[in-house]
Amino acid sequence: MAAQRVVEVPKAAKQTSRVRVAVRLRPYMVKQDDKGEGACVRGLDSQTLEIINWRNATETLQYQFDAFHDEQATQQEVFLSSVKPILPHILKGQNASVFAYGPTGAGKTHTMLGGPEQPGVIPRAVREVFNLVKAKEKEDNAWDYSISMSYLEIYNEKVLDLLCPSAQDLPIREDKDRNILIPGLTNTPLTSFSDFHTQFLPASLNRTTASTKLNQRSSRSHAVLLIKVVRTQRAVQQRVQTGKLYLVDLAGSEDNRRTGNKGIRLKESGAINLSLFTLSKVVDALSTGGGGSGRVPYRDSKLTRLLQDSLGGSAHSVMITNIAPEYTYYFDTYTALNFAAKSKQVINKPFVRETVTTPSVQVKRSREEQEAVGSGEP
Ligand code: ADP
Ligand code: MG
């Protein structure tokens, strides 16, 4: 088949319901690259990256996003540019959601959770929510604020309470005001950031240990942290407003069927992870203004149903697509980029692999080049 020389028409013009898309490229890791092929993706500027075109190695494909964070981007930079701006809305009774999307191993958990040295979006966002509330209380005492959290997992289309691990699959309901809620889900009041830290960390560790036992469960499940800010007006007729912030570490977007012995591709990817597949459709429908049919398929999966009042509409949503630079990830990266991109362009020039600087890798690669190994198709 001929190489695509298409300049894709950018998706519909900016709308309030559009999901902002950022892409984060994690650093190159020697241990993820047994063949020593180097990187196949690199950043060009703060919105653009390029990936080698496997159909024709003399070409690259350039993609544009709302934001591109390169391999040197710090946790702080990602938070400041992609997450912090949406947080003030939560204090005004509006909803927001932040997702980490991408294949397993590309940096979703690093981005969302991070570690003690490099805290990710979750601890930074919660700290910021506490700071914002403190500042609001100082500047104006017309409202009282309270903050609480819930933490759940969606696995095999079951909703499981991570703060009460013995609980069964929980139902998702909608009230008369179209708010989505889960009756019975633990909702823990939080008094401070350190309170959050002590309550959330053990629960998130629970999930990690359980996952290694249960055969890669963490890569097949969605971890959903909900931070709720309720404000009550001190006037006689008390008004109450609730703002919700969903922080989601999604299941791996890799196509597991391709890793089967024969590289079989099935037609329908929906069956593998219904929630992830439906999320793609919802984000697509939102960015194209209802996808032509005008219908956003929130009800088709648990995750999208849960997020219905916090994704699209008047909500503020950001998807951080995590990608890895090694060839091992090529097809999963390619798929994730095609989903995330605002536009794509074929550039006719060879991809210079200048991003690889690790000496051992370069030695290994040049040896392979001497053996004249390598084809265009990974
Ligand atoms: P995922 O959750 O998508 O499966 P992880 O967050 O577990 O991926 O990342 C895989 C590995 O790469 C981890 O060891 C993680 O610490 C590391 N990593 C991911 N992103 C970065 C980054 N931006 N900087 C440094 N290390 C990273
Ligand atoms: Mg992970």
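Start at 1 and go down the list; that is how both ligands and their atoms are numbered.
The distance from atom OG of Ser275 to atom CD1 of Ile154, rounded to the nearest 0.5 Å, is 5.0 Å.
At a heavy-atom distance under 4.0 Å, only side-chain atoms of Arg24, from C-beta outward, approach ligand 1. Residue Gln118 does not touch ligand 1, judged by heavy-atom distances below 4.0 Å.
The residue among Gln75, Gln32, His110, Lys31 with a heavy atom at the shortest distance from atom 23 (N) of ligand 1 is His110.
Panel note: side chain Asp177, backbone Asn179; no donor-acceptor pair is recorded below 3.5 Å. Side-chain atoms of Asp161 never come within 3.5 Å of backbone atoms of Leu152 as a donor-acceptor pair (strictly under, hydrogens ignored).
For ligand 1, the atoms sitting less than 4.0 Å from at least one non-hydrogen atom of Thr104 are 4 (O), numbered in the order shown with element in parentheses. Every atom of ligand 1 is numbered from 1 in the order shown, and the set under 4.0 Å from a heavy atom of Lys108 is 1 (P), 2 (O), 3 (O), 4 (O), 6 (O), 8 (O).
Just one residue in the list Val248, Ile182, Leu226, Leu170 forms a side-chain contact (heavy atoms from CB on, under 4.5 Å) with Leu306, and that residue is Ile182.
At least one N/O/S atom of Thr109, from backbone or side chain, sits under 2.8 Å from the Mg ion (ligand 2).
In this structure, Asn322 does not count as a contact residue of ligand 1, since none of its heavy atoms falls inside 4.0 Å of the ligand. Within the structure, ligand 1 has Pro103 among the residues with a heavy atom less than 4.0 angstrom away. The shortest heavy-atom distance from Gly102 to ligand 1 is not under 4.0 Å.
The shortest N or O to N or O distance between Met29 and ligand 1 is not under 3.5 Å. Residue Thr111 places no N or O, backbone or side chain, under 3.5 Å from any N or O of ligand 1. An N or O contact shorter than 3.5 Å links Gly107 to ligand 1 by distance. Considering both main-chain and side-chain atoms, Asp249 never comes within under 3.5 Å of ligand 1 through any nitrogen or oxygen pair.
A salt bridge links Lys136 with Glu139: at least one charged nitrogen is closer than 4.0 Å to a carboxylate oxygen. At a threshold of 4.0 Å, the pair Glu153-Lys158 does not count as salt-bridged, since none of the basic side-chain nitrogens sits closer than that to a carboxylate oxygen. Contact check on Glu77 versus Arg24 returns no salt bridge, with no Lys/Arg side-chain nitrogen under 4.0 Å from an Asp/Glu carboxylate oxygen.
Closest to atom 10 (C) of ligand 1 among all protein heavy atoms lies Gly105 O, 3.6 Å. Among all non-hydrogen protein atoms, the one lying nearest atom 7 (O) of ligand 1 is Thr109 CB, 4.3 Å.
By the rule that hydrophobic residues join a cluster once side-chain heavy atoms approach within less than 4.5 Å of another member, Val240 and Val133 end up as members of separate clusters.
There is no protein heavy atom less than 4.0 angstrom from atom 13 (C) of ligand 1.
A donor and an acceptor atom, one from each side chain of Gln199 and Tyr151, are nowhere located under 3.5 Å apart. His69 and Thr111 form no side-chain donor-acceptor contact under 3.5 Å, judged by distance and modelled atom types alone.
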